[in-house]
2 protein chains.
Amino acid sequence: MRTKEREHPARQSRVRGVGATGRPVTLSDLAREARTSPSTASRALRGQGYVSGEVRTRLLAAAERLGYVPNASAQNLKHRTSKIIGVVVSDLSNQFYARVAAGIEAELRCSGYQMMLVGDHNDDTEELAAARSFLALRSPGVIITPIRPTVSELLAARGVAVVEVDRQLSPRSCDAVVLDNVTGAFAATSHLLSLGHRRVAFIGVETSWTSDAGRRLGYQQAHERANLPSDPALSLLVPQGPGSHEAVIAEFLARTQPTALFIGNNALADHTWRVLRDRGDRLPADISLVAFDDLPWMDMVTPTITVVAQPTEELGRRAAQLCLERIADPTLPRRVVEIAPNLLLRGSTAPVA
Amino acid sequence: MRTKEREHPARQSRVRGVGATGRPVTLSDLAREARTSPSTASRALRGQGYVSGEVRTRLLAAAERLGYVPNASAQNLKHRTSKIIGVVVSDLSNQFYARVAAGIEAELRCSGYQMMLVGDHNDDTEELAAARSFLALRSPGVIITPIRPTVSELLAARGVAVVEVDRQLSPRSCDAVVLDNVTGAFAATSHLLSLGHRRVAFIGVETSWTSDAGRRLGYQQAHERANLPSDPALSLLVPQGPGSHEAVIAEFLARTQPTALFIGNNALADHTWRVLRDRGDRLPADISLVAFDDLPWMDMVTPTITVVAQPTEELGRRAAQLCLERIADPTLPRRVVEIAPNLLLRGSTAPVA
DNA sequence: CTGTTAGCGCGTTCAA
DNA sequence: TTGAACGCGCTAACAG
């Protein structure tokens, strides 16, 4: 009796047509409408199993008429998995991460998956919370710009297909898509050294992440290859995390007086550029500058900025591909896709004065 | 029997500890581990209903030990709704939309909701597909930068709390958070007119969306208020959609020879700026420029760009707030939040030569 | 305070 | 070819 009472309002709303509010149409509603059983309706809609042509068309018509949309939760519950890929990036407002996410989303859409996007703000507590919700959703895969190896490994241990993007912290348990940071930094620094600069400073982040560490390493290797010392005092390592570092950078430049700068990421490049402008330094006459990660402004300021460019959306797309491939076949061997950066020579670099 | 067979591997995995792969731990597993019933376990974990202190701690300990994470699909099925808010924006790669999304996500997180982010690429088919998946997920709310009124209304008719951001197409069925575009455009244009410019061109998008239409209107109203004619030939309206319009803009500028420009959005501002650079025009000596929507580069190029700034993340945050409030109380009257823009005078505008 | 019962909406046997 | 029965994991009545 009680269930019947519930059915009444639904019946009414159906009569009013598609637009009516009320309990969403279920498979049983659909079956009743088409005078058949729920299981037949299920087979018809998903196109597997035997269904007579006549019943099928009747069902499809009814689905259209009633505006039937299958309940994803019910399907997920049944299938013990979902089509939701969790994505967690450091900072949605940073164009680099936004583009990675755009690439991921585009790729997932093509394959019928959806993206659940979360921004930890470089906070491992938020990172962990995100992982928990992905577990709750029974996400088959997660793509992450990791803060610590813990979360990736936790997820991987539970059978989630984890792909690390931009940096790789858990090489044993995850696939990864990273840039060849060492080569990129090597090229950038070598470029400056070949222009005759002998006081090339590095401004980067003080993490052990492959991204930052790789860029530091490339900077050093370029010096070694050129048989030049790399003065540790010429490296400014700022703590990882949000916030502006303009004051620190200004102090660093005033103290160390480099003739050239290699900057480890787009946020620091922004800060450094502003410091130089405020100091009245002239690029490249007074100082040369190479940034890592090409953003629109780097092509617009005067002079334009020489940069190590990375195919940002491509990073996201490849990560999504790896993720889906591993979901399809969890026994795949671990893969690390290393993408080549591209040094773009522009106006901010010139021979030393 | 068959279910028992399934339990064995799970048992084993449990013995191996948290990290083990296998069927996820269920409430029944938990209850068994703590020697109680599933319903008691449920009450203990969600902290409602009566549970003795001793049983509760036993349960919490077991949940911790087993790494229990409740199955969101099962909860959603039961509750007939989910905690997933659908968000669809035009273009994830455009920093404006990325920031709106960042604002939404931050706000939702605080309230225990999650963001499902989708980018239609100004394609109403993709917009509709996104709406369908939100319906399938039984999303209680959707936030959208609409392309057509259809989708918002479809969702609203099904009881989804829809909030339109940036532009408002369905005033009758949705809440909305928009900028006061007319006022912003009025201020920008008035600024140029007050500098003595009499050939102020407008470059914008040819949609009927409140955003674009409002900016066109503000441009006209400023002329009217100043008792000056606004020559229709001085308006360049490009079709809505992706792609560069540099060629069209170049032709337009060559043909109409304006002394000042008001540009309707950040993408067009980018294109126009590049055209001017390539033409060798000097800002503001040869031509003045005001853009709509402040992006980082506008503060970095030489000269800096006078701009109508909008609090982008705030737009997203307010939209999320409206959405959650309506979910909490669907009987709320419709609300349209109109946010004030801010004209920032910078270096790209000067008195007419 | 606790456990039993009965679905939420769907997909998948399996017998008819 | 179809439909009845069952269970995915969880919650909410209700009876104990």
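Chain letters run A, B, ... following the sequence lines, proteins first, then strands; residues in each count from 1.
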*Asks:* Which residues in residues 129-142 of chain B have at least one heavy atom lying under 4.0 Å from any atom of DNA chain C?
*Replies:* none

*Asks:* Specify the residues of residues 55-63 of chain A, ordered by number, for which at least one heavy atom lies under 4.0 angstrom from an atom of DNA chain D.
*Replies:* A/Val55

*Asks:* Determine which pairs satisfy side-chain hydrogen bond (donor to acceptor under 3.5 Å, both in side chains) with at least one residue from residues 325-334 of chain B, sequence neighbours left out, and list them in order.
*Replies:* B/Asp175-B/Arg326, B/Glu325-B/Arg335, B/Asp329-B/Thr331

*Asks:* Write down the protein N/O and nucleotide N/O pairs, taken from nucleotides 4-6 of chain C, whose separation is under 3.5 Å; answer none if there are no such pairs.
*Replies:*
from  : atom 1 : to      : atom 2 : distance (Å)
C/dT4 : O4     : B/Ser39 : OG     : 3.2

*Asks:* For B/Ser39, give me all partners under side chain to side chain donor-acceptor pair (under 3.5 Å), at least two apart in sequence or on another chain.
*Replies:* B/Ser37

*Asks:* Partners of B/Asp123 by salt bridge (charged side-chain N to carboxylate O under 4.0 Å, His left out), sequence neighbours excluded?
*Replies:* none

*Asks:* Can you pull out how bent the helix from C/dC1-D/dG16 to C/dA16-D/dT1 is, comparing the axes over its first five and last five pairs, to 10°?
*Replies:* 50°

*Asks:* Pairs of donor and acceptor atoms involving the side chains of residues 101-116 of chain B, under 3.5 Å and at least two apart or interchain, shall be tabulated with distances.
*Replies:*
from     : atom 1 : to       : atom 2 : distance (Å)
B/Glu105 : OE2    : A/Gly119 : N      : 3.4
B/Glu107 : OE2    : B/Gln321 : NE2    : 3.3
B/Arg109 : NH2    : A/Glu126 : OE1    : 3.0

*Asks:* Go through the structure and list residues passing side chain to side chain contact (heavy atoms under 4.5 Å, CB included) with A/Ser28, not counting sequence neighbours.
*Replies:* A/Thr26, A/Arg32, A/Pro38

*Asks:* Using the closest heavy atom to pick a nucleotide of DNA chain C for each, name whichever of A/Ser42 or B/Gly49 lands nearer the 5' end.
*Replies:* B/Gly49

*Asks:* Who are the side chain to side chain contact (heavy atoms under 4.5 Å, CB included) partners of B/Gln48, not counting sequence neighbours?
*Replies:* B/Arg46

*Asks:* Among residues at least two apart in sequence or on other chains, which ones pass side chain to side chain contact (heavy atoms under 4.5 Å, CB included) with A/Pro24?
*Replies:* B/Arg138

*Asks:* I want to verify a distance call: between D/dA12, C/dC10, D/dG3, whose nearest atom is closest to the B/Gln48 side chain?
*Replies:* D/dA12

*Asks:* Could you tell me which residues satisfy side chain to side chain contact (heavy atoms under 4.5 Å, CB included) with B/Gln168, sequence neighbours excluded, listed by chain and number?
*Replies:* B/Glu164, B/Pro171, B/Ala176, B/Val178, B/Thr210, B/Val336

*Asks:* May I have the distance from A/Arg80 (atom CZ) to C/dC10 (atom P), rounded to whole angstrom?
*Replies:* 19 Å

